[in-house]
Amino acid sequence: MPKRHILLTPGPTPLPPEVLKCLSEPIAYHRTPQARKIIGEATAMLKEVFQTAADIFTITSSGTGAMEASMVNFLSPGDKIIAAHAGKFGERWAKMASHYGFQTVEVTSPYGFAIKPDAIEKALKENPDVKAVYVTLCETSTGVNHDIQAIGKIVSKTKAILVVDAVSGLLADVFEQDAWGVDVAVTGSQKGLMVPPGLSFFSVSKKAWALYEASKTKKFYLDLKLYQKAMADSDTPFTPAITLIIALHKALEMIKKKGLKKHLEETAQLACATRAAMTALGLQLFARERVSNVTTAVVVPDGIDGGKLVKIMRDEHGVTIAGGQGEMKGKIFRIAHLGHITENDLTVGIEVLCEVLNQLKFNCDVKKAIAAFRAVLGSKQRLKIGV
Ligand code: PMP
């Protein structure tokens, strides 16, 4: 195994040393004033990154747990929803809804493209009984950012709530829950938040609370009322992954100190530089519009085995990038640039990518790629952080 360990995946992402240090401290008991202080402060800082005044709850689960919480708490059997999707993670909304027996209107775009807000507007007009619209901020499987702001304008005029999977997008792409009219946003700890996997979070607007009161779907571990009752005392209803919450508190303090805007600008700059490097190599980006700052998805050149490329980079060079998922398996690879991924990590990643591509007989010039990467990072021009 190579000594090097560079993680360029869109979750889990690398951890800052300060967060790693928290994780090696002796375990804390969670029912203490000290733990409640940490939970309360972490929740307040989460509201700043979600850009919301709404309630936010922490679940001990991966991101999908919060996705499920945002279905079972607001719907009743037979209710109708819109699931908008153009990739593997958006499809999870439709699968989950079908599992629970909710009627689902699917609004889709081809992989590599964004959901069209007009298509959601049309679906809502045709289905005035829709209770909730489920969408994704960054579709991690394709590297596309969906236009939540435009979708929010449409959904907020209706009775339906807007639920956004911001599991990968939060803290990499711009997201403004309240200003954009989002009712429920969900995320996980292992991406932009720079904490290991194991925590998920979801926010709940007043409009969504009204649906909770009417919801007849059975739930136990994920019942929002239990989380609300506990949170009144900065507590959680079940044993929380307290070590992760302490780590989260540290990571959020670091983001706050740097400033959310600066954090997003730096991520946008690394994303833009990575895209420039790929283009300089003659590679094609998979996302055809609204390219997200979470991850750069790249089409594997003809004649190259995408799985082999990822494997050689990981096993022989210690650089882990992500392959394609589902029908994109072997056809794309994905290089992430969110959270604590640094310029140095990406430089090594690009160098190793070039070396392995050359080994697999795709001619590429590493100097060109690094020059393009550095040109973006060195440019004084301020990048627009939105897409
Ligand atoms: N949604 C998106 C957009 C994601 O990127 C992921 C994880 N890659 C998930 C949902 C699922 O999260 P988890 O694996 O933490 O359950």
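Reckoned from all heavy atoms, side chains included, excluding hydrogens, waters and symmetry mates.
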*Asks:* Donor-acceptor pair, T187 side chain versus F201 backbone, under 3.5 Å?
*Replies:*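 Not at all, since once roles are kept as given, no pair shorter than 3.5 Å links the two residues.
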
*Asks:* Determine whether V49 and W180 fall in the same hydrophobic cluster, where Ile, Leu, Val, Met, Phe, Trp and Tyr are linked whenever their side-chain heavy atoms lie under 4.5 Å apart.
*Replies:* yes

*Asks:* Can you give each donor-acceptor pair under 3.5 Å made by side-chain atoms of residues 272-279, sequence neighbours left out, with the distance rounded to 0.1 Å?
*Replies:*
from : atom 1 : to   : atom 2 : distance (Å)
T274 : OG1    : L270 : O      : 2.7
R275 : NH1    : S292 : O      : 3.3
T279 : OG1    : R275 : O      : 2.8

*Asks:* Could you state the interatomic distance from NE2 (H317) to CD (E355), rounded to the nearest 0.5 Å?
*Replies:* 4.5 Å

*Asks:* Hey, could you give me each pair passing side chain to side chain donor-acceptor pair (under 3.5 Å) that has a residue in residues 125-137? Not counting sequence neighbours.
*Replies:* D79-K131, K80-N127, K80-D129, K122-E126

*Asks:* Could you check whether atom NZ of K153 has more than 12 heavy atoms from other residues, nucleotides or ligands sitting under 6.0 Å from it?
*Replies:*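 No, the 6.0 Å shell around NZ holds no more than 12 heavy atoms from other groups.
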
*Asks:* Do the side chain of E139 and the main chain of G90 share a donor and acceptor less than 3.5 angstrom apart?
*Replies:* yes

*Asks:* Roughly how far, to the nearest 0.5 Å, is NZ of K262 from CG of L260?
*Replies:*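 Reported to 0.5 Å precision, the distance equals 12.5 Å.
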
*Asks:* Is the side chain of K218 donor-acceptor paired with the backbone N or O of K216 at a distance under 3.5 Å, no angle test?
*Replies:*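 Flag not set: sc K218 to bb K216 has no pair under 3.5 Å.
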
*Asks:* For S141, is there any backbone N or O sitting under 3.5 Å from a side-chain donor or acceptor partner on K88?
*Replies:*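 No; judged by distance alone, with no hydrogens or angles, the pair does not exist.
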
*Asks:* Can you find a heavy atom in the side chain of K250 that is under 4.5 Å from one in the side chain of I246?
*Replies:* no

*Asks:* For the residue pair P10 and A336, what are the closest heavy atoms and their distance?
*Replies:* N-CB, 3.4 Å

*Asks:* Salt bridge or not for K225 and E213, using N-O below 4.0 Å?
*Replies:*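 Looking at E213 together with K225, the answer is yes, because their closest N to O distance falls below 4.0 Å.
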
*Asks:* Mind checking the CG-CG spacing from L252 to L171? Nearest 0.5 Å is all I need.
*Replies:*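 Spacing of CG (L252) from CG (L171) equals 7.5 Å.
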
*Asks:* Can T342 and D345 be counted as having a side-chain donor-acceptor contact under 3.5 angstrom?
*Replies:* yes

*Asks:* Check whether any side-chain N or O of R334 sits under 3.5 Å from a backbone N or O of G323 as a donor-acceptor pair, and report yes or no.
*Replies:*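 Flag set: sc R334 to bb G323 pair under 3.5 Å.
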
*Asks:* Provide the closest heavy-atom pair for L124 versus A160 in the form atom of the first, atom of the second, distance.
*Replies:*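 What the structure gives for the nearest pair is CD2-CB, 4.3 Å.
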
*Asks:* Starting at CG of L162, measure out to CG of D183 and round the result to the nearest 0.5 Å.
*Replies:*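 One finds 6.5 Å between CG of L162 and CG of D183.
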
*Asks:* Taking all heavy atoms of A114 and all of E289, pick out the closest pair and write down the distance.
*Replies:*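 Residues A114 and E289, closest heavy atoms: N-OE2, 2.7 Å.
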
*Asks:* With sequence neighbours excluded, tell me which residues meet salt bridge (Lys or Arg N to Asp or Glu O under 4.0 Å) with K256.
*Replies:* E48

*Asks:* To the nearest 0.5 Å, how far apart are CG in L193 and CG in L15?
*Replies:* 11.5 Å

*Asks:* Look at K258 together with E265 and state whether they make a salt bridge at an N to O cut-off of under 4.0 Å.
*Replies:* no

*Asks:* Is there side-chain contact between T140 and Q325, with at least one heavy-atom pair below 4.5 Å?
*Replies:* no

*Asks:* Going by the side chain to side chain donor-acceptor pair (under 3.5 Å) test, which pairs reach into residues 227-240, not counting sequence neighbours?
*Replies:* R31-D235, R36-D235

*Asks:* To the nearest 0.5 Å, what is the distance between OG on S70 and CG on L75?
*Replies:* 8.5 Å

*Asks:* Please set out all donor-acceptor pairs under 3.5 angstrom arising from side-chain atoms of residues 53-60, sequence neighbours excluded.
*Replies:*
from : atom 1 : to   : atom 2 : distance (Å)
D55  : OD2    : W209 : NE1    : 2.7
T60  : OG1    : A241 : N      : 3.1

*Asks:* Could you go through residues 299-311 and list every donor-acceptor pair under 3.5 Å that involves a side-chain atom there, pairing it with any protein atom two or more places apart or in another chain?
*Replies:*
from : atom 1 : to   : atom 2 : distance (Å)
D305 : OD1    : G307 : N      : 2.9
D305 : OD1    : K308 : N      : 3.2
K311 : NZ     : D315 : OD2    : 3.3

*Asks:* Quick one: do L7 and T13 satisfy side-chain contact (heavy atoms from CB on, under 4.5 Å)? Show the steps, please.
*Replies:* CA-CA 7 Å; L7 197 55; T13 60; 5.9 Å; no

*Asks:* Hey, are E41 and K37 close enough for a salt bridge, meaning a charged N less than 4.0 Å from a carboxylate O?
*Replies:*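 Yes, E41 and K37 are salt-bridged.
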
